[in-house]
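This report concerns only the one structure given below.
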Amino acid sequence: MKFFADTAEIADIQRLAATGLIDGVTTNPSLINKSGRDFIEVTKEICALTDGPVSAEVIALDHATMMKEANVLRKIAENVCIKVPLTIDGLKTCKALTDEGAMVNVTLCFSAAQALLAAKAGATFVSPFVGRHDDNGFDGMQLIADIRLIYDNYDYNTQILVASVRHAIHILEAAKIGADAITAPPAVIEGLFRHILTEKGIEGFLADWAKTDQSIL
Ligand code: G3P
C-alpha cells in the first residue's frame, strides 16, 4: 500500500520522507492556503523532497482553462501529478492529460459511479473522500469496497487513493479492502507508529538493561 502525505507543510514532509516510508504527497487548494506559501514555489520544493507523485490541483472549472493550468503545473517537475475535480470537464481534462502521458489524480470522488467514470477517463489515481463521506452519514469504507470490486471486475489500472483520512482505522480498513494507496495528514500517519504497549515494553527493556551495567558501544 502506498502512503502519501496529505499536506503542503515542508517541515512535515521532510520529517516523514526521512522515514523512507512515504511514497508521495497530495495537496489541494485548502492545504496550499493553510501553508501560506506561493503555490508554484511550494509545489516545486515538495517535488524535490520525494521521488513519488506530488498532486497539484487545478482551479479552473472548464476544460480549456484546466488544460492551460495543467500545462503550467506540469512544468514544475517530472513527478507532478495533476489533480482535477470529478466533473465532466475534469474527466475530459483527465482523458486528454493521460493520453499525453501525464499523471492525473481525480479528486472529490463520492460515489462508485463517479469512480467508474474516472477509470474510464484513464485516471492514474481516483481520490474517494472517506472522511467527508462518514461526516455526512454515509459509509466511506463501503465506497472503497465498491470501487475495489468494480475496478477488479474490469481490471482497471486506476489506483484507489483513499483520501480525507481521519484516523488509523481508515488506513487499516483501506488496507483490508485492498486500496492501492492512502493519503493522510502527517499526524495520522505518525500515529500509526505509536502503541502504548510498545512504549511500555521499551521502558521495561531499558530498565532491565541498565541493571546489566553493560553498553553495546
Ligand atoms: O486530499 C483530500 C483531503 O485533503 C481532504 O481532507 O479532511 O478536508 O476532508 P478533509
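Each ligand, and each atom within it, is numbered from 1 in the order the structure gives. Keep in mind that the numbers below use all heavy atoms, side chains included, and drop hydrogens, waters and symmetry copies.
Below 30°, between 30° and 60°, or above 60°: for Tyr156 and Tyr151 the angle between ring planes is above 60°, a perpendicular geometry. Below 30°, between 30° and 60°, or above 60°: for His170 and His167 the angle between ring planes is below 30°, a parallel geometry.
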Quick one: ligand 1 N/O to protein N/O pairs below 3.5 Å?
residue: ligand 1; atom: 1 (O); partner: Asp6; partner atom: OD1; Å: 3.1
residue: ligand 1; atom: 1 (O); partner: Asp6; partner atom: OD2; Å: 3.3
residue: ligand 1; atom: 4 (O); partner: Asp6; partner atom: OD2; Å: 2.5
residue: ligand 1; atom: 4 (O); partner: Asn28; partner atom: ND2; Å: 2.9
residue: ligand 1; atom: 7 (O); partner: Arg166; partner atom: NH1; Å: 2.8
residue: ligand 1; atom: 8 (O); partner: Arg132; partner atom: NH2; Å: 2.9
residue: ligand 1; atom: 9 (O); partner: Arg132; partner atom: NE; Å: 2.7
residue: ligand 1; atom: 9 (O); partner: Ser164; partner atom: OG; Å: 2.7
residue: ligand 1; atom: 9 (O); partner: Arg166; partner atom: NH1; Å: 3.3

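Other members of the hydrophobic cluster containing Leu172, listed by chain and number, are Ile169; membership follows side-chain contacts under 4.5 Å among ILVMFWY residues, whether direct or relayed.
Contacts of Gln14 classified as side-chain hydrogen bond (donor to acceptor under 3.5 Å, both in side chains), with partners at least two apart in sequence or in another chain: none. With sequence neighbours excluded, no residue satisfies ring pair (Phe, Tyr, Trp, His ring centres under 6.0 Å) with Phe3.
In this structure, Asp135 does not pair ionically with Arg132, as no charged nitrogen and carboxylate oxygen lie closer than 4.0 Å.
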